[in-house]
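Just so you know, these numbers use all the heavy atoms, side chains as well, and skip hydrogens, waters and symmetry mates. In what follows, chains are A, B, ... by sequence order, proteins preceding strands, each numbered from 1.
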2 protein chains.
Amino acid sequence: MAARKARKRRKTYHHGDLRNALVHAALDIISSGGPEPITLREVSRRVGVNHRAAYRHFEDLTALLAAVAEEGYRALIDTLDETLAPLRRANPERRLEALGVAYVAFAVDHPAHYRIMFGRRLNEDGRFPILEDLVERAYGVLAGEIRAAQAAGRFAELPTREAVFSVWSLAHGFASLALVRRIRVKRALLEGYTRQLLAPVLAGLRT
Amino acid sequence: MAARKARKRRKTYHHGDLRNALVHAALDIISSGGPEPITLREVSRRVGVNHRAAYRHFEDLTALLAAVAEEGYRALIDTLDETLAPLRRANPERRLEALGVAYVAFAVDHPAHYRIMFGRRLNEDGRFPILEDLVERAYGVLAGEIRAAQAAGRFAELPTREAVFSVWSLAHGFASLALVRRIRVKRALLEGYTRQLLAPVLAGLRT
DNA sequence: ACCTGAACACCGTTCAAGT
DNA sequence: ACCTGAACACCGTTCAAGT
């Protein structure tokens, strides 16, 4: 029926923004939580085009998934930036904690994006270098706060890289375990719980 | 050719230990690192039987993967136990650190097992409760050391559960990021690197 | 009891068209 | 330029047999 709707909406032979429509159909499939796998054919079906039409916009299925991942990374970076915006005057530690909380919340609130972003290694063949750039930018947000905390004399002078990886690993690990329900947390308690888990690392970095 | 070999080895109509053969063929496929997906047909092909034969032993593909995961959890638990064995007289902190290092090393050295264990949620429908039991046992090993450290007055009296999740999240997150090469570490440096990442959490728990 | 074989409804991807 | 349709070599799973 999604197919029928899409077909009604356009009078022309051309779709208009097929590329975007395909990306969001892919997201819908995963977000709906059902057991439906993301397939090129199902995605095209939802958009209301022949499955071959997708090849105009994506070289193959992996390229479509890479587009989903790219959108996800951009959304994550935006979320992290927006998290910091109202905290301009807060101390670096609180800002770092807020980043960790926002990161985990993003994963839990966008499980479809997150799984594509961190599930398979899409850039295995170096086909999508943009993905590496975006990860680097997200990393940079975290690293910036850790450097600021160190500059303010609040954090020990460990190598920044290792400090970032400690925090990132913890946030990513918790998010992943929550997504596969190995750790069960009610959404309303997520932020507080994340703070509890982050507390030891942050305390440890302080020494 | 694997098929031919298997066919030669047995003279009888029956395979002997088909179930086990299937589980290990599945592992071989993922371990080989190639892009070959684990399919019931490919697994059966490697063992040298008709793909329908697998259904004698596994209700469906998910059940086969669950068997792989089960074996993985048992191996992980064994690894953790063996890690603690020579450290009976060490202090709880060192034992906990050793567990974290062993956990990450297990993931990196058994990527096939690890991905099946923590990738999809195989027990979604409650079909494989054994998997939950085994995760619980692995969790118990970690929890035991944290409780011991607390009892020895070395760790602050935080709730054990949250302390375990901090350490587990960090180890799991680091392992996952290393597996998808978001964090790149040479195998020879893995243990030392893991210790560096764990250091802040362990220090934080100490306060 | 254990394995096979044909059949069905799905895939991704290629090639050769249609508008 | 953009989309379609038939075809190919794959899937998982079901049903009806073979030894």
Contacts of type ring-ring contact (aromatic ring centres under 6.0 Å, His included), residue A:Phe106, not counting sequence neighbours: A:His110
Interface polar pairs with nucleotides 5-10 of chain D, N/O, under 3.5 angstrom:
residue	atom	partner	partner atom	Å
D:dG5	O6	A:Arg52	NE	3.2

Stem segments of DNA chain C by first residue number [Watson-Crick or G-U, under 3.5 Å, at least 3]: C:4-8 with D:12-16, C:12-16 with D:4-8
C:dT14 phosphate, OP1 or OP2, under 4.0 Å from A:Tyr55 side-chain N/O: no
Distance, rounded to the nearest Å, where B:His57 contributes NE2 and C:dA1 contributes P: 14 Å
Rounded distance (Å) that lies between atom P of D:dC11 and atom CG of B:Leu64: 14 Å
Pairwise 5' ranking along DNA chain D for B:Arg56 and B:Leu61, keeping only the more 5' one: B:Leu61
Candidates C:dC3, D:dG12, C:dG12 - which lies nearest the side chain of B:Leu40: D:dG12
B:Phe155: partners by ring-ring contact (aromatic ring centres under 6.0 Å, His included), with sequence neighbours left out: none
For atom CG of A:Asp17 and atom P of D:dC2, their distance in whole Å: 12 Å
Residues in side-chain hydrogen bond (donor to acceptor under 3.5 Å, both in side chains) contact with B:Glu93, at least two apart in sequence or another chain: B:Arg154, B:Arg206
Contact list for residues 39-61 of chain A, test ring pair (Phe, Tyr, Trp, His ring centres under 6.0 Å), sequence neighbours left out: none
Listed partners of A:Arg74 passing side-chain hydrogen bond (donor to acceptor under 3.5 Å, both in side chains), at least two apart: A:Glu70
side-chain hydrogen bond (donor to acceptor under 3.5 Å, both in side chains) partners for B:Arg121, two or more places apart: B:Glu124
Spacing of A:Arg19 atom CZ relative to D:dC3 atom P, expressed in whole Å: 13 Å
Output field: ring centroids A:Tyr73/A:Tyr114 closer than 6.0 Å: no
Pairing residues for B:Asp109 by the side-chain hydrogen bond (donor to acceptor under 3.5 Å, both in side chains) criterion, not counting sequence neighbours: B:Arg187
